[in-house]
There are 2 protein chains.
Amino acid sequence: MEIELQIKMNEKLFLKNPEQSELGRKIIMHSIEMIHQHGFEAFTFKKLAETIGTTEAGVYRYFENKHRLLIYIVAWYWTWLEYQVTYRTNNISDPVVKLKMIIQLLATTVEDDLSTSYVDESLLHQIIITEGSKTYLTRRVTEDNKDRLFKPYKDLCAHIADIILECNPAYAYPKSLASTIIEMAHFQNFFMNNLPSLTDFGRDKDAYQIINFLEDLVFNSVTAKVQ
Amino acid sequence: MEIELQIKMNEKLFLKNPEQSELGRKIIMHSIEMIHQHGFEAFTFKKLAETIGTTEAGVYRYFENKHRLLIYIVAWYWTWLEYQVTYRTNNISDPVVKLKMIIQLLATTVEDDLSTSYVDESLLHQIIITEGSKTYLTRRVTEDNKDRLFKPYKDLCAHIADIILECNPAYAYPKSLASTIIEMAHFQNFFMNNLPSLTDFGRDKDAYQIINFLEDLVFNSVTAKVQ
DNA sequence: TCATTATTGATAGTATTACTATCTTTCTCA
DNA sequence: TGAGAAAGATAGTAATACTATCAATAATGA
């Protein structure tokens, strides 16, 4: 029996659901490849259309513009990652162990066990690191937020915040700490590889050191005695 | 006697030094206003030229493109902020107090005491929050880094890392903690105002709570007993 | 099986952006 | 006075980010 993970996306993210047609899936698959390879600013619908053998207009039938497509891809990733988090922590009772597992999932590329056919999660992870924050660092955040485009990210953050509170119900900043963990798992990775003097991992370029840093940061705060 | 703070910028940042002409200073001043008001993506050299009464070609004589102009503005800010940090901590001996001062400078809009004529630092602070990371989240980071365009940011980070080590010479992640403080001072501010559920400050929207969060985070780590 | 509808393909066209080039005027200062 | 630098004026190009239209084809269901 093959189990296929189906992720249901917010309908505001697209004009026509890309999961429901061959062309749609090709758009997603090759967008990920192209954004990964050349970066989001160099990515255009025209180039995408050419590589998948359709026309610009064809792509515009699925996505309003490339920013929406980026949000779609990023939202997909967060939804998928929250599934991974739930799946891999559901048999763990100790919230500290849970939190460590989450930090690991955030900071390293998750090896996918279920088949999600046309999406390459390890490329996606790299995209999220470099392009993820561009989804919300715009003038349209508020509007996009009203359309609930960032819900997967917010859900994951809330999930992590809950586990932080399980570790210590008196901790005062669970949500801010959660968003700090998420962002820093990525920024420290980007810095390590591109601006290494902003980190302590430039020599080894080892993602596991980022995990150590984040664990140190998180558990010293969460398990601190109240002064 | 009037003291004017002169900030000397890396020459790779511009084609012609904007500080040395009326037009150049107008370019900087109005770029800041326009980017602040409409965001970096909506900002174009053509619109800028129109508002300051010159032509597109006129602006291109100073800056290669709008991305370089953004890097210039951001680099200016970091240079200025490091001056503020140095100035306001130089009579403090306790590194913990120093670090608290730095967190405050990062998380709140600094009231400028010296006149830096044509630059509005409080607008700049807002720009850095929303647009700052776009300077390096590109495919050209490595190249731009070789041109030393990010030196002011890296210098500030190194400066903060040194103070962290003064607090605790055994702390293992001074540079990563420094970059975390800088980035989170801004991201938590952005989230607080735009995606409040990612923070614990959504209700009050008070920058001083960000300071509390960062102090808690930093000092629990830096002053932690080795386990 | 035929008609309806959805989907895609093909082509064209527009406004804006991101530049580059050139030539003239103005301003400075030696 | 006159050489050189800075700025203004104008033009033009390639690419981007779309929108519109119409024909061809595939899927569906009565």
Side-chain angles (χ1 to χ4, degrees), chain A residues 9 11-31 34-35 37-73 118 131 134-135 138-140 143-144, chain B residues 9 11-31 34-35 37-73 118 131 134-135 138-140 143-144:
Chain A
M9 304 294 293
E11 303 214 341
K12 299 249 173 150
L13 281 166
F14 49 76
L15 297 172
K16 188 191 301 189
N17 193 338
E19 293 184 84
Q20 279 164 12
S21 75
E22 188 56 32
L23 182 59
R25 287 185 291 267
K26 268 166 113 181
I27 288 173
I28 302 302
M29 196 171 74
H30 288 88
S31 295
M34 292 178 77
I35 294 174
Q37 188 151 28
H38 305 292
F40 183 64
E41 357 294 321
F43 169 77
T44 71
F45 277 5
K46 193 171 187 195
K47 290 180 202 161
L48 173 65
E50 274 160 21
T51 58
I52 64 180
T54 183
T55 59
E56 241 181 314
V59 182
Y60 276 105
R61 285 195 185 106
Y62 284 85
F63 290 98
E64 220 175 308
N65 54 54
K66 71 173 187 168
H67 189 248
R68 283 280 160 129
L69 173 53
L70 180 66
I71 298 180
Y72 177 95
I73 287 173
Y118 59 95
E131 323 290 356
K134 293 175 190 168
T135 54
T138 70
R139 292 287 129 165
R140 262 174 268 163
E143 212 181 314
D144 288 347
Chain B
M9 303 294 291
E11 304 214 340
K12 300 249 174 152
L13 282 165
F14 49 75
L15 298 171
K16 189 191 298 189
N17 194 337
E19 294 186 81
Q20 278 165 12
S21 75
E22 188 58 30
L23 181 60
R25 288 184 291 268
K26 269 167 113 179
I27 288 173
I28 302 301
M29 195 170 75
H30 287 89
S31 295
M34 292 179 78
I35 294 174
Q37 189 150 26
H38 305 292
F40 183 64
E41 356 294 322
F43 169 78
T44 71
F45 277 6
K46 192 170 188 195
K47 291 180 202 159
L48 173 65
E50 273 160 21
T51 58
I52 64 181
T54 182
T55 59
E56 241 181 314
V59 181
Y60 276 105
R61 286 197 184 103
Y62 285 85
F63 291 98
E64 220 176 307
N65 54 54
K66 71 172 186 167
H67 189 247
R68 282 279 160 130
L69 173 53
L70 180 65
I71 299 181
Y72 178 96
I73 286 172
Y118 59 95
E131 323 289 356
K134 293 174 190 169
T135 54
T138 70
R139 292 286 128 164
R140 262 175 270 160
E143 213 180 313
D144 289 348

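Chain A is the first sequence line, chain B the second, and so forth, proteins listed ahead of strands; every chain is numbered from 1. Both backbone and side-chain heavy atoms feed into the values below; hydrogens, waters and symmetry mates do not.
Between B:N65 atom CG and C:dT20 atom C1' there is a gap of 14 Å when expressed in whole angstrom units. Counting to the nearest Å, the C1' atom of C:dA6 and the CG atom of A:N17 are 15 Å from each other. Straight-line distance from the CG atom of B:L23 to the P atom of C:dT25: 20 Å, rounded to whole Å. Across the protein-nucleic acid pair, B:F43 atom CZ and C:dC19 atom P stand 12 Å apart, rounded to whole Å. If you measure from atom CD of B:E22 to atom P of D:dA6, you get 15 Å, rounded to the nearest angstrom. Between the CG atom of A:L15 and the P atom of C:dT7 there is a distance of 13 Å, given to the nearest Å. Between B:I27 atom CD1 and D:dA6 atom P the separation is 13 Å, expressed in whole Å.
Phosphate contact (OP1/OP2 of C:dT8, side-chain N/O of A:T55, threshold under 4.0 Å): absent. Not one side-chain nitrogen or oxygen of A:K46 sits closer than 4.0 Å to the OP1 or OP2 atom of D:dC18. Listed pair A:Y60 / D:dA20 fails the phosphate criterion, with no side-chain N or O lying under 4.0 Å from OP1 or OP2. For the OP1/OP2 pair of D:dT16 and a distance below 4.0 Å, the side-chain nitrogens and oxygens of A:K66 include no atom meeting the criterion.
Across all strands, B:E41 comes closer than 4.0 Å to no nucleic acid atom at all (heavy-atom distances). Residue contacts shown for B:F63 are absent, as no nucleic acid heavy atom lies under 4.0 Å away.
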- Item | Evaluation steps, side chain to side chain contact (heavy atoms under 4.5 Å, CB included), between B:R61 and B:L15 | CA-CA 6 Å; B:R61 286 197 184 103; B:L15 298 171; over 6 Å; no
- Task: Assess whether side chain to side chain contact (heavy atoms under 4.5 Å, CB included) is satisfied between A:F14 and A:Y62, documenting all intermediate values.
- Result: CA-CA 6 Å; A:F14 49 76; A:Y62 284 85; 5.8 Å; no
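The side chain of B:A57 approaches D:dT10 more closely than any other nucleotide in the set D:dT10, C:dA18, D:dA17. Side chain of A:K16, nearest nucleotide from D:dA7, C:dT7, C:dA10: C:dT7.
Considering A:M34, A:K66, A:E56 as possible partners of A:L48, the one that fulfils the side-chain contact (heavy atoms from CB on, under 4.5 Å) test is A:M34.
The main-chain N or O of A:F40 is never found under 3.5 Å from a side-chain atom of B:R139 such that the two would form a donor-acceptor pair. Not one N or O on the side chain of A:K16 forms a donor-acceptor pair closer than 3.5 Å with the backbone of A:S21.
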